[in-house]
Amino acid sequence: VEKGGAVGGLVHDGTAHIHRVQVGHYMGGNNGKIYFIDNNRIDLKEIVPNGPDGWLERPKTLQLQESAEQ
């Protein structure tokens, strides 16, 4: 989705909700920060525990799908 020159996305959260997201937004159970969006994917970095005293930055990619409901 493009609005005002900024590319964003629409994400269905598994319930009855759809969220508009942009680069810089946070999403997911591990508060992944979105750093890239295009027509095929959303890339984010999650911060997850890495042992008792540490944290690890983990990249994650969500592949985008076209809705079957057209």
Side-chain angles (χ1 to χ4, degrees):
V1 177
E2 187 173 340
K3 182 178 179 181
V7 176
L10 298 175
V11 176
H12 186 270
D13 68 6
T15 66
H17 299 97
I18 296 176
H19 305 272
R20 173 172 273 173
V21 296
Q22 297 177 346
V23 170
H25 286 184
Y26 290 87
M27 64 181 285
N30 293 314
N31 291 317
K33 186 173 184 179
I34 298 170
Y35 66 91
F36 178 81
I37 298 176
D38 73 5
N39 291 333
N40 300 311
R41 70 183 203 266
I42 296 175
D43 292 337
L44 50 104
K45 291 182 184 175
E46 299 177 314
I47 305 296
V48 295
N50 183 20
D53 296 323
W55 297 91
L56 175 69
E57 190 174 85
R58 177 175 65 187
K60 183 160 191 151
T61 296
L62 303 175
Q63 295 294 330
L64 302 182
Q65 300 175 350
E66 299 251 352
S67 173
E69 300 174 21
Q70 295 184 6

TODO: May I have the step-by-step check of side chain to side chain contact (heavy atoms under 4.5 Å, CB included) for M27 and L44, ending in yes or no?
DONE: CA-CA 9 Å; M27 64 181 285; L44 50 104; 3.9 Å; yes

TODO: Measure the shortest side-chain to side-chain distance between H25 and V23 over non-hydrogen atoms and say whether it is less than 4.5 angstrom.
DONE: no

Which atom pairs, donor and acceptor, lie under 3.5 Å between side-chain atoms of residues 7-19 and protein residues at least two apart or in another chain?
| unit_1 | atom_1 | unit_2 | atom_2 | d |
| --- | --- | --- | --- | --- |
| H12 | ND1 | G14 | N | 3.1 |
| H12 | NE2 | T15 | O | 2.8 |
| D13 | OD1 | T15 | N | 2.9 |
| D13 | OD1 | T15 | OG1 | 2.5 |
| D13 | OD2 | T15 | OG1 | 3.3 |
| D13 | OD2 | H19 | NE2 | 2.9 |
| T15 | OG1 | H17 | N | 3.4 |
| T15 | OG1 | H17 | ND1 | 2.8 |

Show me, pair by pair, the donor-acceptor contacts under 3.5 angstrom made by side chains of residues 29-39, not counting sequence neighbours?
| unit_1 | atom_1 | unit_2 | atom_2 | d |
| --- | --- | --- | --- | --- |
| D38 | OD1 | N40 | N | 2.8 |
| D38 | OD1 | R41 | N | 3.0 |

Please set out all donor-acceptor pairs under 3.5 angstrom arising from side-chain atoms of residues 46-57, sequence neighbours excluded.
| unit_1 | atom_1 | unit_2 | atom_2 | d |
| --- | --- | --- | --- | --- |
| E46 | OE1 | R58 | NE | 3.2 |
| E46 | OE1 | R58 | NH2 | 2.9 |

